[in-house]
Amino acid sequence: MQTPTDSVHLAAELRLPTNALDYTILGIYFVVVLGIGFAARKSVRTSLDFFLSGRSLPAWITGLAFISANLAATEILGMAANSAQYGAYTVHWYWIGAIPAMVFLGLVMMPFYYGSKVRSVPEFLLLRFDKWAHLLSSILFAFAAILIAGVNLYALAIVVEALLGWPQWVAIVVAGFFVLAYITLGGLSSAIYNEVLQFFVILAALIPLSVLGLKRVDGWDGLTDRLTATHGDDFVTAWGGTGIGSDNPLGANWLTIVLGLGFVLSFGYWTTNFAEVQRALSARNLSAAQRTPLIAAYPKVFIVFLVMIPGLVAAALIPGFGTDESGYQYNDAIPYLMESLLPNGVLGVAVTGLLAAFMAGMAANISSFNTVFTTDIWAKYVVLGREDAYYVRFGRLITAIGVMASIGTAFLASSFSNIMSYLQTLFSFFNVPMFVVFIVGMFWKRASMRSGFWGLLAGTTAAMINYFILYKRDVIGIPTDQGANFVSAIAGFVAGAVVMVAVSLFTAPKPDEELQGLVYGTRSPGMAEPPAAGDDAWYRKPALLGWGAVILAAACYIPFSF
């Protein structure tokens, strides 16, 4: 099911020729990161300040933080590896696997989240269903957040060891310390402002790499000519070979791509993953909260080129790239180009960009973990009714515990041979079942209080059964882990929806007066807030931004479809 080239370990010959200039750039970045943490500390007075930045941030800040929180280095390395292995199929993870769901989050779901004044995604389930759905979703999310933060730490350690020669434990401890320091100091505000900085640092790393890579292969036409000659015509198209019954390296046809990735996995991740939604909840008003994922959608449309081009260039430059004969693995795509193309100075920026991406991904999960654990588990079920300052102190404590736990789960991630497959597996287990509970609860008033818990439990269980029993034991034939993740996501979605409907038919629904602002077609005072002064400009209108992003993503498919 997996090839030896799927391993996350990088080739030994990829040690980078870094010098004092490169390390100076890296050192300056770490100083700035801590400086932002100390500056943000002054604004933390209440638990709302610590966990949600006091709901005071402008849309452009939260929008850039939203996309930066997603742009972890596991995605950068993993999507470049996908491109080297699968070619232009990578565009599906962005244009159909992200943009529609981000637009749906902004236009449809943010009014419910922000209007209900919840502090977290699981807290919405407490209002819509009952404490059992809320507690289960909180535990599952907290567990998943630590696992995903550990993936970022482990991948960082592997990359830093290969590229710079640092021992793995040194890389893990250094990155964990800086993330712990700036989140503990300044809470979510510190994380968000650092994520804005990290977004530009990441771009500064990827843009030179893509430009110099294209120059090495004589531009886009030269790249496609080389890849067509060595990998076939389908390698540089988005839909080639995806007909039902056709064979392709991805192991998925157009139906599983559209339903498994484009709907279930995508909507499950983007609409319920609190690591991203938390950024929107920190916005200053409902309009800004809605625009947060919509602003993020525009760079998301184009970032695919910055992660795809390095993978395609690596596949074009090295015959058999990703096979044992070549000496390189698919995960080596970006490090290989960094080593062969970038001069010192620019190399320091690129290394800093990778570290920034790892830290952004880890910080997003740690900041969402401390919020959910403190406000949804500790304050509601363990220690109730304490003064606000107590929960700020506990939030800082649980941040430290979360970082320590992430270090432990970093070594758990090492047991998986492909970090992107591991992440997609986690999403199918945790995010997809939560999405089906949200979507049924938001659009079907009859969904009962008990149905939330049982739907979430059934969806998670069905996804795990499909992956660990049906797929891993070859009960059903699925060519790749990615294909298995798509099927697991569909299984979890269907099982959760069926169980919710069945339970609702035999249990009582919530009274109508308790569903105001929680079900589509009802409104709460927060959802009906008037627009702020100056919010009537066209670029501040969520509907225009949303449809513009969808049209732009659809238009990008055209040159890759023939």
Side-chain angles (χ1 to χ4, degrees), residues 8 30 33-34 36-38 40-41 44 47 50-51 69 72-74 120 122 135 138-161 166-192 194-195 198 273-275 278 354-379 381-383 390-416 419 422-423 426 429-430:
V8 72
F30 281 124
V33 162
L34 286 183
I36 291 174
F38 279 105
R41 181 182 177 88
V44 178
S47 61
F50 186 79
F51 295 119
T74 46
S120 70
L135 181 58
S138 300
I139 292 172
L140 290 177
F141 177 82
F143 183 64
I146 293 300
L147 288 176
I148 296 171
V151 174
N152 279 280
L153 265 184
Y154 172 66
L156 176 145
I158 293 298
V159 171
V160 170
E161 180 186 39
W166 299 4
Q168 286 187 28
W169 71 269
V170 172
I172 288 175
V173 170
V174 168
F177 167 77
F178 279 97
V179 170
L180 172 63
Y182 70 73
I183 293 180
T184 302
L185 287 168
L188 183 62
S189 293
S190 179
I192 284 178
N194 266 304
E195 284 159 4
Q198 288 159 346
N273 187 35
F274 187 48
Q278 186 180 26
L354 271 184
L355 293 182
F358 280 117
M359 291 171 63
M362 180 186 178
N365 283 283
I366 291 297
S367 61
S368 59
F369 164 79
N370 68 21
T371 301
V372 168
F373 196 94
T374 303
T375 64
D376 290 289
I377 298 176
W378 195 260
Y381 300 103
V382 183
V383 178
Y390 167 82
Y391 295 111
V392 175
R393 293 194 301 272
F394 183 81
R396 289 193 165 110
L397 173 63
I398 202 64
T399 299
I401 295 173
V403 170
M404 296 300 105
S406 298
I407 292 175
T409 60
F411 296 100
L412 174 64
S414 66
S415 65
F416 287 78
I419 54 175
Y422 176 45
L423 284 174
L426 293 179
F429 290 171
F430 300 115

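The first residue in the sequence is number 1, and the count goes up from there.
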Please report the C-alpha distance between I183 and L188 in whole Å, then the side-chain angles of each, then the deciding distance to 0.1 Å, and finally whether the side-chain contact (heavy atoms from CB on, under 4.5 Å) criterion is met.
CA-CA 7 Å; I183 293 180; L188 183 62; over 6 Å; no
Check the pair L140 / F429 against side-chain contact (heavy atoms from CB on, under 4.5 Å), numbers first and verdict last.
CA-CA 9 Å; L140 290 177; F429 290 171; over 6 Å; no
Verdict with supporting geometry, I407 and M404, side-chain contact (heavy atoms from CB on, under 4.5 Å)
CA-CA 5 Å; I407 292 175; M404 296 300 105; 4.1 Å; yes
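The shortest side-chain heavy-atom distance between L355 and F30 falls under the 4.5 Å cut-off. When side chains are defined from C-beta on, P122 counts as touching V372, because their heavy atoms get closer than 4.5 Å. The shortest distance between side-chain heavy atoms of I192 and E195 falls below 4.5 Å. Within the 4.5 Å cutoff, the side chain of N370 has heavy atoms near those of the F50 side chain. For the pair V403 and M362, the minimum side-chain heavy-atom distance is below 4.5 Å. Contact check for R396 versus R393: no side-chain heavy atoms found under the 4.5 Å cut-off. Under the 4.5 Å side-chain criterion, counting only non-hydrogen atoms from C-beta, F369 is not in contact with T399.
Minimum heavy-atom separation, T374 to G395: OG1-CA, 3.6 Å. In this structure, F141 and A275 approach most closely via the heavy-atom pair CZ-N, 3.9 Å. Of all non-hydrogen atoms in A379 and Y391, the two that sit nearest each other are CB-CE2, 3.5 Å. Here the closest non-hydrogen pair linking I366 and A149 is CD1-CB, 4.1 Å. What you find for S138 and I377 is that their closest heavy atoms are CB-CG1, 3.8 Å.
Remark: side-chain polar atoms of S368 are paired, donor with acceptor, to backbone N or O of N365 under 3.5 angstrom. In this structure, T409 contributes its side chain and S406 its backbone to a donor-acceptor pair below 3.5 Å.
One distance of note links CD1 of I139 with CZ of F430; it measures 11.5 Å at 0.5 Å rounding. In this structure, L185 CG and F38 CZ are separated by 5.0 Å, a value rounded to the nearest 0.5 Å. With rounding to the nearest 0.5 angstrom, the CG atom of D376 is 3.0 Å from the OG atom of S120.
Under the 30°/60° scheme for interplanar angles, the aromatic rings of F394 and W378 are found to lie parallel.
Atom OH of Y381 has more than 12 neighbouring heavy atoms from other residues, nucleotides or ligands inside a 6.0 Å radius.
For the 3.5 Å distance criterion, the side chains of T371 and Q278 qualify, holding a donor opposite an acceptor.
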